[in-house]
Amino acid sequence: MQVLTALSTTAATEDALEEACRDVAAGLAGRSADLAFVFFSSDHSDSAALIVSRIRERLHPTVLLGCSAESVIGGAQEVEGRPALCLWVGHLPGATLTPFHLEYVEAGDGVRITGWPDTMPGLEHTPSFLVLAEPFTTAPAEAFLEDLATRYPGAAAIGGMASGAQEPGANRLLFNDTVVDSGVVGVAVTGAVGIRTVVSQGCRQIGDRFMITQADQNVIHELSGKPALDRLREVFSLLSPAEQRQAERALHLGIVIDEHKDQFERGDFLIRNLVGVDQNTGSLAVADYVRVGQTVQFQIRDVASASEDLRALLTGERAAPNAGTPIGALLFSCNGRGQRFFRTPHHDVTAVREQLGGIPVGGFFAMGEIGPVGGNNFLHGYTASIALFCKND
């Protein structure tokens, strides 16, 4: 069992493909390419058909998936805003791979997800799902996650939204022999390989926890019996001047996922953006639906907390009992991370490789990251979502 990656920053697509395919083929040394991902900057989008044909011609992957991206991750690098192509290939004997391409269809009461193949594995096989989505044609993305949860309760999904374009029809998704510009492509993985997930939301808690006592859809009117804005002001007043400056730039709300716990720590909160304040009513708008009775806590995202959160989660994953030996990873980082946030290059991929023994990593900067928190799959922002491929020891 083996994972290989190759990164090319050559601007000419044909040359980039030649370089990447040559390096991967040499590493495979005749072994099968069972699962292949390719992530490419928008410079290569017009040549997506060539990317498909050349990889299939050279490596004959059983399943090929990929997408266009604003920035590409490969090897030890995060190539931001420049031409790049990363080829990630897994030789996974004993794994069963079921690819799918799903589309959204308008229905009378919303949208319907179509395209699930008849060959999908049964619930008893506990599949893991790797998914790439086109952001303009999968709205709301939660519809796909709800459909997945109905079909496969408790199954983990990890992936990201293509980020290579800013308008519908310009992103590219790769699905085996074809290039598509809409929907969700992915693969269900069962069998010999284990896929473990890490989702780093990168925030730290501030102030007290509160209960939502009055709310409507995504607007919180009251927290623990007082106007939500008054509660926020209470928390803000107790912060240090440095923390107050951080809160002014990156304040979020953490929503407790499992209310039955006695204590709430890292990973117990779903982090959501605060998107609006009504000074007249004292209400706060959140980038998600909320309900009365939920426990929440304000959160700050800064460089130190985001870096510490990622490394701590990776360290915990490495030390987890019966985790298996990591052989490679797919990394889906928010396009709001990278140098613009950390002020240093290659932050997330460096953390993964340092904490997990220099394993091969491929991925991209996404326009939204998919991953499980507290046993449920969500669409996130500002996260690093990681799929770890593990060989059972």
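- At least one donor-acceptor pair closer than 3.5 Å links the side chain of T213 to the backbone N or O of G225.
- Residues E146 and R151 are not paired through a salt bridge, judged by the lack of any N-O separation under 4.0 Å between the basic side chain and the carboxylate.
- When only modelled atom types and interatomic distance are considered, S163 and N335 share no side-chain donor-acceptor pair under 3.5 Å.
- At a cut-off of 3.5 Å, with distance as the only test, no side-chain donor of E308 or S305 sits close to an acceptor on the other residue.
- Between F175 and H101, the ring planes are tilted. Angles from 30° to 60° get that label.
- For the residue pair T114 / E103, no side-chain donor-acceptor distance below 3.5 Å is found, with atom types taken as modelled.
- The shortest distance between side-chain heavy atoms of F210 and V235 falls below 4.5 Å.
- Side-chain contact check for Q299 and R272: no donor-acceptor pair (N or O, by modelled atom type) lies under 3.5 Å.
- Side-chain contact, Q355 with T315: a donor N or O sits under 3.5 Å from an acceptor N or O.
- Atom CG of L251 and atom CD1 of I206 lie 5.5 Å apart (nearest 0.5 Å).
- In this model, no donor atom of one side chain and acceptor atom of the other lie less than 3.5 Å apart for E70 and S42.
- Other residues, nucleotides and ligands contribute only 12 or fewer heavy atoms inside 6.0 Å of the CZ atom of R112.
- In this structure, I158 CD1 and N377 CG are separated by 8.0 Å, a value rounded to the nearest 0.5 Å.
- Rounding to the nearest 0.5 angstrom, the gap separating the CZ atom in F100 from the CZ atom in F129 is 6.0 Å.
- Between the side chains of H347 and R337, no donor-acceptor pair of N or O atoms lies under 3.5 Å.
- Counted by atom type alone, D348 and S333 present one or more donor-acceptor pairs between their side chains at under 3.5 Å.
- Residues L28 and H91 meet the side-chain proximity criterion, which asks for heavy atoms closer than 4.5 Å.
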